[in-house]
Protein chains: 2
Amino acid sequence: MQDLLFDFISKYISLTEDEKEAMLSLDIFRTVKKGTILLKEGQKSQDVYFILKGCLRKYYIINGEEKTTAFFTEMESLTPHCVINNAPSEYFISCEENTILTVGNPNRNVEIFTKSPKFDLMCRILSEETLAKHQINFDEFKTSSPEQRYLNLLKNRPDLIQRVPQNQLASYLGIKPQSLSRLRARILEKSKA
Amino acid sequence: MQDLLFDFISKYISLTEDEKEAMLSLDIFRTVKKGTILLKEGQKSQDVYFILKGCLRKYYIINGEEKTTAFFTEMESLTPHCVINNAPSEYFISCEENTILTVGNPNRNVEIFTKSPKFDLMCRILSEETLAKHQINFDEFKTSSPEQRYLNLLKNRPDLIQRVPQNQLASYLGIKPQSLSRLRARILEKSKA
DNA sequence: TCAAATCGTTCACTTAAGTGAAGAAATGAA
DNA sequence: TTCATTTCTTCACTTAAGTGAACGATTTGA
């Protein structure tokens with residue numbers, strides 16, 4: 001399991017054995033059961049996650065309705081907004097599959113993470129990559145219809161469609177579950193004709 | 001004009017007079033006329049912008065149609081995606097008002113910008129801020145209807161509604177100009193009742 | 001194992017956005 | 001100023017999403 005993490009890190013910086021040891025000594029690996037809510041609206045958490053295996057979901061509750069805005073899967077990291085601005089969270093993070101992840105805490109782990117210019121560099125690169133991906137994602141979402149968004153998802157993250165319930169997927173696409181059902185039927189109809 | 005820039009920078013780092021001189025010697029200030037296209041689809045530019053006064057717009061052309069995904073106004077910076085990944089741009093940047101801005105070029109100005117850990121720090125903070133704002137924006141967009149998005153805009157960036165043509169605004173809200181007209185009439189009707 | 005809850009789909013109806021066209025209003029250039 | 005262009009609004013019609021309800025299928029847990 002640790003290998004997955006170190007392989008990922010090695011794409012950005014190279015670690016000495018000592019550094020790896022130091023990281024492991026922090027005891028950052030966790031297994032989280034499906035259904036667990038890692039962050040609730042109103043909470044002030046300091047935990048940031050990196051997913052080795054499994055799936056997390058970010059959602060708001062607006063007028064009593066869940067609005068899913070993101071899924072996080074293997075080799076993706078998640079820094080909740082409340083960690084950055086130290087304010088109560090506006091959304092929930094739930095665990096949608098039994099998941100293996102690392103939990104980091106920027107404050108507690110200052111010695112290892114913030115002290116090292118290496119990690120600093122990696123964090124910066126990752127943050128820039130994330131920003132770039134986000135902008136593209138956002139533009140893609142804004143410039144397409146629900147049907148196009150579904151087709152994009154089918155192309156770019158086909159696994160999500162399999163592993164995530166339809167109602168969450170619908171919310172993620174910005175529509176109701178009934179509309180997703182219809183939309184899929186419509187696509188199927190077209191592909192037949 | 002320079003004061004606007006240095007006031008902005010001073011919120012993040014403090015500059016010596018020498019450093020200010022050095023920046024000014026780079027001759028980074030530009031005035032750009034309304035209608036100018038700063039970046040075209042397919043181009044590989046290395047220019048990043050910081051707007052002192054005026055308004056830039058980012059848009060795609062998809063099936064012959066302009067799709068506006070962002071506006072940039074006073075005290076906002078714009079780093080086109082093509083600068084980061086050094087690939088041809090997928091979108092256009094146009095100047096919607098006579099605009100005063102600074103033009104930076106990460107490659108050419110390595111001596112001043114990249115050498116200094118100060119600037120490095122500022123860039124990092126700015127990039128984190130931008131990412132945070134983006135995520136909130138994205139979530140807000142995904143979780144609301146066109147009408148709600150218009151009302152949000154009215155609350156958060158009322159200036160945009162005044163200074164930007166309705167058809168660009170409609171595109172930015174993810175709808176057609178006709179729908180924006182209707183939607184505004186609907187809101188007006190409600191507020192009367 | 002069986003009852004309850006959740007989930008996905010379908011249906012009929014409502015509401016809002018897309019489309020194409022037409023005309024009024026505003027803008028810009030000669 | 002005037003004429004041409006662009007922009008905004010309105011209209012009638014089409015298409016797709018929202019809503020509330022019903023029903024079977026699946027999952028869950030007592």
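Throughout, protein chains are lettered first and strands after them, A, B, ... in sequence-line order, and every chain is numbered starting at 1.
Following rounding to the nearest Å, A:Y150 (OH) and D:dA17 (P) show an atom-to-atom distance of 13 Å. The interatomic distance linking A:K176 (NZ) with C:dT10 (C1') rounds to 18 Å, in whole Å. Rounded to whole angstrom, the span from the CD1 atom of B:I161 across to the P atom of D:dC8 amounts to 13 Å. To the nearest angstrom, P of C:dA17 lies 18 Å from CD of A:E147. If you measure from atom CG of B:L180 to atom P of C:dT19, you get 15 Å, rounded to the nearest angstrom. In this structure, the CG atom of B:N98 is 11 Å from the P atom of C:dG28, given to the nearest Å. Distance A:R184 CZ to C:dT10 C1': 14 Å, rounded to the nearest Å. The CD atom of A:E65 sits 10 Å away from the C1' atom of D:dG18 (whole-angstrom rounding).
A cation-pi arrangement is found for A:K58 relative to A:Y91, the charged atom lying closer than 6.0 Å to the ring centre and inside a 45° cone about the ring normal.
Proximity note for B:Q178 (side chain, C-beta onward) versus D:dG18, C:dT9, D:dT10: the nearest is D:dT10. Between D:dT9, D:dA16, C:dG8, one nucleotide has an atom nearer to the side chain of A:R186 than all others, and that is D:dA16.
Ring orientation note: the planes of A:H134 and B:F138 are nearly perpendicular, at an angle over 60° on the 30°/60° scale. Ring geometry for A:F8 against A:F50 counts as tilted: the plane angle lies between 30° and 60°, on a 0 to 90° scale.
For the OP1/OP2 pair of C:dG8 and a distance below 4.0 Å, the side-chain nitrogens and oxygens of A:S181 include no atom meeting the criterion. Regarding contacts with the backbone of D:dC8, a side-chain N or O of B:N167 is found under 4.0 angstrom from either OP1 or OP2.
For A:S171 against A:T68, the heavy-atom pair with the smallest separation is OG-N, 2.6 Å.
Salt-bridge check for A:R57 with A:E66: passed, with a basic side-chain N closer than 4.0 Å to an acidic carboxylate O.
Between the base of C:dG8 and the side chain of A:R182 there is no donor-acceptor pair shorter than 3.5 Å.
Residue-to-nucleotide proximity on DNA chain C shows that, of B:I175 and B:K34, the 5′-proximal contact is made by B:I175.
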